[in-house]
Each structure stands twice: as structure tokens, then as C-alpha cells.
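What follows is a short report on a single structure.
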Amino acid sequence: MTMTRRSLLSKIALGGIAAWIAPGKAETPRGSQGELKLTDEEWRKRLTPEQYRVLRREGTESPFSSALN
């Protein structure tokens, strides 16, 4: 199924209406800069082990170590 401009705009409009009707449903604990303020344990519950390693422990490959470079 291809995405048309009409279907995209209708989905955006429906999302806006849903957010307007139920504004408090999607609230998350955010700080003044908009970042999530969660404890380390809360991050572990939300993320998979691999996601946690990369996002919270900077567990990525060393620079220029990829075979694609």
C-alpha cells in the first residue's frame, strides 16, 4: 500500500485530535531540556540489553574499526 499525501495528512490530523482529546495519556517524566529523567533501573526495564548497552553505556564500535570504512 502506497502512502498518499491525503492519507498522510489524515493520519497526522487524527493523531492531533487524539492528543487534544486525551492530553495526559502520553506524558513521560521529562526535565527542563525535554530529556527523560529516569533512573538506571528504569532504563534497564524500558530497553533491551543491547539497546541499554548502546544508549546508556556507549557500547558502540571504536571509530574507524568498521570493515565498511
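Not measured: the values here are computed from a predicted model.
- In this view, E41 and T39, R44, K45 satisfy the side chain to side chain contact (heavy atoms under 4.5 Å, CB included) rule, not counting sequence neighbours.
- Among residues two or more places apart in sequence or in another chain, the side chain to side chain contact (heavy atoms under 4.5 Å, CB included) test is passed with I12 by L8.
- Residues forming a salt bridge (Lys or Arg N to Asp or Glu O under 4.0 Å) with R53 (at least two apart in sequence, or on another chain): E50.
- Listed by chain and number, the residues in a salt bridge (Lys or Arg N to Asp or Glu O under 4.0 Å) with R57 are D40 (sequence neighbours excluded).
- Residues L55 and Y52 share a hydrophobic cluster, clusters being chains of Ile/Leu/Val/Met/Phe/Trp/Tyr side chains in contact below 4.5 Å.
- Rounded to the nearest 0.5 angstrom, L14 CG and L9 CG are separated by 11.0 Å.
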| task | Report the C-alpha distance between S10 and S7 in whole Å, list the side-chain angles of each, state the deciding distance to 0.1 Å, and finish with yes or no for side chain to side chain donor-acceptor pair (under 3.5 Å). | result | CA-CA 5 Å; S10 65; S7 65; 5.7 Å; no
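- With sequence neighbours excluded, no residue satisfies side-chain hydrogen bond (donor to acceptor under 3.5 Å, both in side chains) with S65.
- In this view, S66 and E61, L68, N69 satisfy the side chain to side chain contact (heavy atoms under 4.5 Å, CB included) rule, not counting sequence neighbours.
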